[in-house]
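First listed ligand is number 1; within each ligand, the first listed atom is number 1. All values below come from the heavy atoms of this structure, side chains included, with hydrogens, waters and symmetry mates left out.
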Amino acid sequence: MHFFDGFRTSHELQKIAAVDGATVRAMVDDSLVAAHRARALTPDRPVVRGTAQNPDVFFQNREAVNGFYLNTPAAVQRAMDRFARLTGRAHRLFEYHGAPDAERVIVMMGSGAETAQATVDALGAAAKVGILTVKLFRPFSIADFVAALPSTVRAIAVLDRTKEPGAIGEPLYQDVVTALAQQRGGAFPLVIGGRYGLGSKEFSPAMVKAVFDELAKPDPRREFTVGIVDDVTRLSLKVDERFTVEPAGSVRAVFFGLGADGTVGANKNSIKIIGEETDNWAQGYFVYDSKKSGAVTISHLRFGPTPIAAPYLVSGASFVGCHQSTFLERYDVLECAEPGAVFLLNTTHGPDAIWDELPFEVQEQIVDKRLRFYVIDAYAVARATGMGTRINTIMQTCFFAISGVLPRDSAIAHIKGTIEKTYAKRGKGVVRRNFEAVDATLAHLFEVVVPASPTASRHLPPIVPDAAPDFVKRVTALMLANQGDRLPVSAFPVDGTWPTGTAKWEKRNIATEIPVWDTQLCIQCNKCALVCPHAAIRVKVYDSDCLVGAPTTFKHVPFKSAPGSDPVDHHGSNLTSIYTVQVAPEDCTGCSLCVMMCPAKDKTHPEHRAIDMLPQAPLREAERDNYRFFLDLPEADRTRIKPDVKSTQFLEPLFEYSGACAGCGETPYIKLMTQLFGDRALIANATGCSSIFGGNLPTTPYTTNRDGRGPAWANSLFEDNAEFGLGLRLSVDQHAARARGLLEERASQLPAGLVDAILTADQSSEAGIRTQRERVAEVRRLLRADTLVRPCDELAHDWLNYLVKKSVWIVGGDGWAYDIGYGGLDHVLASGANVNILVLDTEVYSNTGGQQSKATPLGATAKFASAGKRAGKKDLGLIAMTYGNVYVAQVAFGAKDAQTVKAFLEAESYEGPSLIIAYGHCIAHGYDMALGLEHQRLAADSGYWPLYRFDPRREVSGEAPLVVDSTPPKRDVGDLMAVESRFQATDQHDHEQYAALVDRARHQITKRLTLYRELATRGH
Ligand SMILES: Cc1ncc(C[n+]2csc(CCOP(=O)(O)OP(=O)(O)O)c2C)c(N)n1
Ligand code: SF4
Ligand code: SF4
């Protein structure tokens, strides 16, 4: 195991020859275990550990342990020898493999050595090459290392899977050079060092061959990289991608699936079937993109009669399965297919129609590679057999039926066996439907007659439109097309900064249904826009003359507004205000939260609302044009927006189309924050879902307004985010102070009153901020016009921006705020600094699969709380209130959106620390995400999630700082627990315990609400 191996090693599935328990037991020396235990810390034999040591003794004490390090290599070799006697599997501290008279040798460790070994074998003895694998890195045994090297070696390449910038070589390289210098004497071989595989980058036999080729040159590079194209420092080796060592007779398959469509699960299943039920060896590796909705998964499977030592992706696939036909337009699906391979496509088009539907480039590959092409309409089979949209077993059956990896009947019997095992718990009906799907599959699987040449006139569309910025076309587009590996070093920013506003160029088209607006039924409440997690439904009010040139299908109605509340300024013209609700058809995820929120129902057909979900495909093109037109309409005048739900939704969101799960409960808060303050916001984001949907490449959802302003965002660490955000605040304050100083220095050169106005500006409103921006622009203009300004004063122009108020946000999940980052969060609250902390509370560590945090409620099952959590949720808000000078609010936008908006505005306006704890419904809660808002309501109505605002400013006027915004419980918390599977799992585990936990939860709620009420009446 190599400590830099990482993801590939921990996530690869392999058939292994397991060591039995008795052998493992025989390897353990009981006397050593007893000796270890005897050294335990116990009051029966008390000792002190961890003493503070002073300069007189520390050094000697460190040297006292040397003997252990000296003895370790021999001890490890003895253990390896014992293991060899017990199992017949021999290991050495340094294992050499290859020609005994090798002249060129690679030294490396970890899984990459398997790849090198297979390459050495393929190159053959005549090549005089070998690989020396380091099995014990520390303590490094020089003698064993030198002894393992063939004496004929002339040139050595040491490969390190790490980068130590500034060092004269990577760690293993340095060890090898030192070891040779110390032991070899005489003819010292040439030693070069290279980096490979950083961040799970592929390491293939072709790359190993490139290293050997470099060693064969008369003057090889001392330092190199392999696996990338470095066109900057030109360290990279040229790799011949065609070189392969895949053994003949093995099956190599690649499957493209949609995240959560069951493709990966079915493939794991196939590996199990083949690995366990046949003599074949099997390997699987799964590549995921990090979108949480609409993600693509690529499964790489190998099966064969010999053990598979190939820890790299399949490139010459004998089988390619594409489970979503839209992938053909986004990815080069057939690039990995070898000539003569089988290609299976899930498509609604039959064998006679499909050819004409394919773009030219796909047809060309099918023809050129002489692929055998099969189609199935898996969704039709799934529907007909009652499987809904689950196509995984259907596609798996196709794979077995046409790949020939197992006899067809035997494969089907095995698939059915697995179905029985997997689904028996869910009832006979589920098993029967799966069986029916398997049986129906073969009748719907067709081979396509492939013409002799491509016939299509339609070509693949560009990944991003021509209108996209240069960087997006050059860099982002390749990453979107799964071709990021091809990007050369020169394509990348050197300082870690990436442009914002790139998500808008990635039209994912993942919704099968999108909302459609009924202009007549709509009451113009704008609630749909508020709740949309993806900023994919928007509202605008604009002058009637803007409608010139509108597409014919563009919908609009006169704006209904109370007198004086129209956000459009007509300046005395006779124009009217027009209102539109518009969906972004290609960015919508189809979550239907907007529809669920819509209060305007048709009285005669209550199932019909002012927005309904309808199939996307027929609407896509028209709505795409409509959305484009909509985006070009003027944005609302920020200074005229009132602080209520309806008005704030006319503000442009500067967080759009994130890859969060469809219907995510975290993103609407972030979107709202960017609508209100995004053009002057700095965001420190803890690691978690919000950093993944917020800052995960290839595209980023934070964006800019027409002036080029928008949130500046950075992620430091999971554990230091609050401190990181405090740092942002301090630096903004420093800059602002410096700017004020510069301005005062220049006061005599500037118009009287302007400096004063800037320094004393009231920026508590949008109007105030706009005026300040105008003043700053004026100063800048005057300074620029001043010919006496020294060039270095140009800097002043940037400093001046800090005279406009900035809004610092510290954002993260409950795992960060309640647990890992809590110390820092507490420190920042206590600092009194003017920061806004937004805790997106999903009550678990959502991003890593739902581990419990201290925010997990009593009775909920989560990872590490598998029988239901026994401790209550920590009351973070109450803790923060005890400081007295912290603004604290607990909100749930689905329960009371007006309170949420109010809390954001109050928190931001408070000149001190603010903490907003925001309820986020999440896939981890185990219910249909379309019902997220209903669950939020239930949480507030049952007292489970009380809504409140604690504003220290109220104390000044003699009021209690705490206001409880939710009504006394109207529902029982048991009702909530009964409809969320996180609680139901606890019930299933132990009904009696669960009932007791529900009682405790009721009791805790009563206690908490009583305390809040008291605080709200009596004051702090
Ligand atoms: C110190 C550290 N520990 C663990 C992780 C792995 N990690 C990344 S995100 C995450 C969970 C975040 O959970 P939470 O803060 O609740 O945010 P959510 O994903 O729910 O929005 C963990 C454990 C890490 N990045 N750093
Ligand atoms: S369906 Fe979901 S993603 Fe689409 S517009 Fe409505 S809320 Fe937004
Ligand atoms: S918070 Fe939950 S719903 Fe939102 S992106 Fe994370 S896992 Fe998905």
Side-chain angles (χ1 to χ4, degrees), residues 259-260 290-295 508 510-517 527-539 581-598 609 611-614 616 623 627 653 656-671 685-694 696 715-721 811-822 825 838-856 862-864 918-927 929-930 932-933:
S290 37
K291 292 277 192 299
K292 287 164 183 283
S293 54
R508 301 198 297 147
I510 59 172
T512 47
E513 292 190 331
I514 56 172
V516 174
W517 182 41
K527 284 177 185 281
C528 51
L530 178 91
V531 302
C532 176
H534 307 278
I537 190 162
R538 303 200 182 179
V539 288
V581 174
Q582 177 64 49
V583 70
E586 300 181 293
D587 304 295
C588 169
T589 63
C591 73
S592 75
L593 271 195
C594 53
V595 172
M596 302 302 268
M597 188 66 180
C598 178
R609 303 187 193 205
I611 37 176
D612 285 334
M613 297 301 284
L614 290 175
Q616 189 245 29
E623 290 307 320
Y627 189 56
E656 56 187 12
Y657 326 130
S658 83
C661 298
C664 170
E666 288 193 351
T667 46
Y669 296 109
I670 300 179
K671 187 189 60 174
N685 210 124
T687 314
C689 281
S690 53
S691 71
I692 297 306
F693 57 61
N696 191 57
N715 163 251
S716 172
L717 292 173
F718 190 32
E719 61 271 31
D720 73 358
N721 186 50
V811 178
D814 50 279
W816 160 69
Y818 286 68
D819 295 0
I820 312 290
Y822 175 70
L825 183 126
L838 174 61
V839 179
L840 301 161
D841 192 348
T842 55
E843 309 193 311
V844 278
Y845 291 60
S846 299
N847 188 49
T848 40
Q851 294 78 11
Q852 69 154 333
S853 74
K854 281 182 216 80
T856 305
K863 287 185 184 150
F864 306 139
Y919 187 80
H921 61 257
C922 171
I923 52 161
H925 297 177
Y927 45 76
M929 290 290 274
L933 307 171

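Between Leu593 and the choices Pro668, Pro533, Cys532, the side-chain contact (heavy atoms from CB on, under 4.5 Å) rule is met once, by Pro533.
A donor-acceptor contact shorter than 3.5 Å links the side chain of Asp814 to the backbone of Val844. The backbone N or O of Thr687 lies less than 3.5 Å from no partner atom in the side chain of Asn721, so there is not a single donor-acceptor pair. Remark: the backbone N or O of Tyr845 is not paired with any side-chain donor or acceptor of Lys863 at under 3.5 angstrom. Looking at Gln852, its side chain does come within 3.5 Å of a backbone N or O of Phe864 through a donor-acceptor pair. A donor-acceptor pair under 3.5 Å is absent between the side-chain atoms of Thr589 and the main chain of Ala511, judged by distance alone. Proximity of a side-chain donor or acceptor of Tyr669 to a complementary backbone N or O of Val839 within less than 3.5 Å is not detected.
Phe718 CD2, 3.6 Å is the protein heavy atom nearest to atom 3 (N) of ligand 1. Considering only non-hydrogen protein atoms, atom 1 (S) of ligand 2 sits nearest to Ser592 N, 3.1 Å. Taking atom 1 (C) of ligand 1 as the reference point, the nearest protein heavy-atom neighbour is Glu719 OE1, 3.1 Å. Atom 20 (O) of ligand 1 has its closest protein heavy atom at Ser846 N, 2.9 Å. Ranking the protein heavy atoms by distance from atom 13 (O) of ligand 1 puts Tyr845 CA, 3.3 Å first. Of the protein's non-hydrogen atoms, the one nearest atom 5 (S) of ligand 3 is Lys292 CD, 3.3 Å. For atom 4 (Fe) of ligand 3, the closest heavy atom belonging to the protein is Cys664 SG, 2.4 Å. Protein heavy atom closest to atom 6 (Fe) of ligand 3, with residue, atom name and distance, is Cys689 SG, 2.4 Å. In this structure, atom 8 (Fe) of ligand 3 lies nearest to the protein heavy atom Cys661 SG, 2.3 Å. What sits closest to atom 3 (S) of ligand 3 on the protein, heavy atoms only, is Met929 CE, 3.5 Å.
Below 3.5 Å of separation, one finds no N or O of Ile820 facing any N or O of ligand 1. At least one N/O-N/O distance between Glu666 and ligand 1 falls below 3.5 Å. Note: no N/O pair closer than 3.5 Å links Leu840 and ligand 1 by distance alone.
Using a non-hydrogen distance threshold of 4.0 Å, Ile923 registers as a contact of ligand 3. Under a 4.0 Å heavy-atom criterion, Ile514 is not in contact with ligand 2. In this structure, Val844 has a heavy atom closer than 4.0 Å to ligand 1. Heavy atoms of Thr687 come nearer than 4.0 angstrom to ligand 1 in at least one pair.
Between the side chains of Lys291 and Asn696, no donor-acceptor pair is found at a separation under 3.5 Å. Side-chain contact of Asp819 with Ser853: a donor-acceptor pair under 3.5 Å is absent, judged by distance alone.
Per-residue contacts place Trp816 under 4.0 angstrom from the following atoms of ligand 1 (heavy atoms of the residue considered): 15 (O). Close approach of ligand 2 to His534 is summarised as follows: ligand atoms under 4.0 Å from at least one heavy atom of the residue are 3 (S). The distance from ligand 1 to the heavy atoms of Thr848 drops below 4.0 Å at these ligand atoms: 7 (N), 10 (C), 11 (C), 22 (C), 23 (C). Counting atoms of ligand 1 from 1 in the listed order, those under 4.0 Å from a heavy atom of Thr842 are 20 (O).
When Gly815, Ser853, Ser691, Ser690 are checked for heavy-atom proximity to atom 14 (P) of ligand 1, Gly815 turns out nearest. By heavy-atom distance, the residue among Pro533, Ala536, Cys591 lying nearest atom 2 (Fe) of ligand 2 is Cys591.
Metal site remark for atom 6 (Fe) of ligand 2: Cys594 contributes an N, O or S atom at a distance under 2.8 Å. In summary, no N, O or S atom of Cys922 is located under 2.8 Å from atom 6 (Fe) of ligand 3.
For Thr842 against Glu666, the heavy-atom pair with the smallest separation is CG2-OE2, 3.3 Å. The shortest non-hydrogen separation linking Ile510 to Gly294 is CG2-CA, 3.8 Å. The minimum heavy-atom distance linking Arg538 with Glu656 is given by the pair NH2-OE1, 2.6 Å.
Residue contacts with ligand 2 for Pro515 involve side-chain atoms from C-beta outward but no N, CA, C or O (heavy atoms, distance under 4.0 Å).
Classification of the His921-Tyr927 ring pair by plane angle, with boundaries at 30° and 60°, yields tilted. Ring orientation note: the planes of Tyr627 and Tyr657 are nearly perpendicular, at an angle over 60° on the 30°/60° scale.
Note that SG of Cys689 is 3.5 Å distant from NZ of Lys292, once rounded to the nearest 0.5 Å.
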